[in-house]
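First listed ligand is number 1; within each ligand, the first listed atom is number 1.
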Amino acid sequence: MKRIVFATGNSNKLRELREILGADYEVCGLRDIGCDDDIPETADTFEGNALLKAQWVRDRYGVDCIAEDAGLEVDALGGAPGVLSARFAGPGHDSRANNELLLRRLEGVADRRARFRTSLVLLRADGPHFFEGKIEGDILEAPRGEGGFGYDPLFVPKGWTKTFAEAGAEEKNAVSHRGQAVAALQRFIESENKSR
Ligand code: IMP
């Protein structure tokens with residue numbers, strides 16, 4: 001069985017990928033390979049950051065790697081917070097502070113259009129393979145819902161009336177940026193398996 005590292009410390013993301021690739025790959029997390037490096041995310045695109053993470057792991061640990069980067073782009077803010085989504089209000093990764101700052105920046109702004117975007121990369125000896133996902137929606141004027149994480153309480157997907165934080169995990173994953181990128185990776189692996 002091929003070993004692959006998913007460059008994440010998030011056990012939910014790891015479990016999800018194991019469910020998807022489990023038959024073909026032994027999927028490990030960063031902890032499993034003894035990596036607690038503070039991997040730099042200094043690129044100015046999601047794709048660039050995902051590749052930086054995957055290259056860091058492959059170069060130092062010699063294993064194939066999957067990495068992802070995601071965030072929120074708000075049209076009226078010129079695409080911010082974008083790659084700075086996790087640390088919009090400062091380095092603490094504090095979702096409440098990030099959401100409050102977002103609402104302040106959008107005070108009095110009528111155009112609330114935004115999207116979540118994910119770039120996922122599979123880096124192997126044959127090079128990087130990229131998979132993308134995005135979901136369009138609008139930013140509310142006040143948070144709603146207790147589920148999800150990050151900007152979920154402020155984000156209503158196009159065609160929905162509830163926020164991602166008011167939806168169940170399954171309902172969110174069926175349409176979300178991450179769900180789309182992971183599904184594209186899954187199709188790629190399946191098509192490779194078929195042509196073997
Ligand atoms: P990550 O790359 O998945 O860790 O996401 C980086 C940051 O983007 C998170 O810390 C959140 O602030 C934001 N973000 C990414 N995906 C989502 C989502 O599905 N819901 C809410 N916020 C998200």
Is there a salt bridge (Lys or Arg N to Asp or Glu O under 4.0 Å) between E190 and K194? Walk through the geometry before answering. CA-CA 6 Å; E190 280 168 5; K194 266 189 209 137; 5.5 Å; no

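- Under 4.0 Å from ligand 1, not a single heavy atom of R178 appears.
- Residue-ligand proximity: D69 is placed with a non-hydrogen atom under 4.0 Å from ligand 1.
- One finds a salt bridge joining D152 and K172 here, because a Lys/Arg side-chain nitrogen approaches an Asp/Glu carboxylate oxygen to under 4.0 Å.
- Neither F188 nor L123 shares a network with the other; the hydrophobic side chains, linked directly or stepwise wherever heavy atoms of I, L, V, M, F, W or Y lie under 4.5 Å apart, form separate groups for each.
- Assignment of G148 to the shell around ligand 1 is not supported, since no heavy atom sits closer than 4.0 Å.
- With a 4.0 Å heavy-atom cut-off, ligand 1 is reached by no atom of R87.
- Contacts between F164 and ligand 1, counted as non-hydrogen atom pairs separated by less than 4.0 Å, are absent for every part of the residue.
- In terms of polar-atom proximity, K13 is counted as a contact of ligand 1, with an N or O under 3.5 Å from an N or O of the ligand.
- Between E166 and R144, at least one side-chain N (NZ, or NE/NH1/NH2) sits under 4.0 Å from a carboxylate O, which counts as a salt bridge.
- Geometrically, ligand 1 and N98 share no nitrogen or oxygen pair separated by less than 3.5 Å.
- When each atom of ligand 1 is checked for a heavy atom of D152 under 4.0 Å away, the hits are 18 (C), 19 (O), 20 (N), 21 (C).
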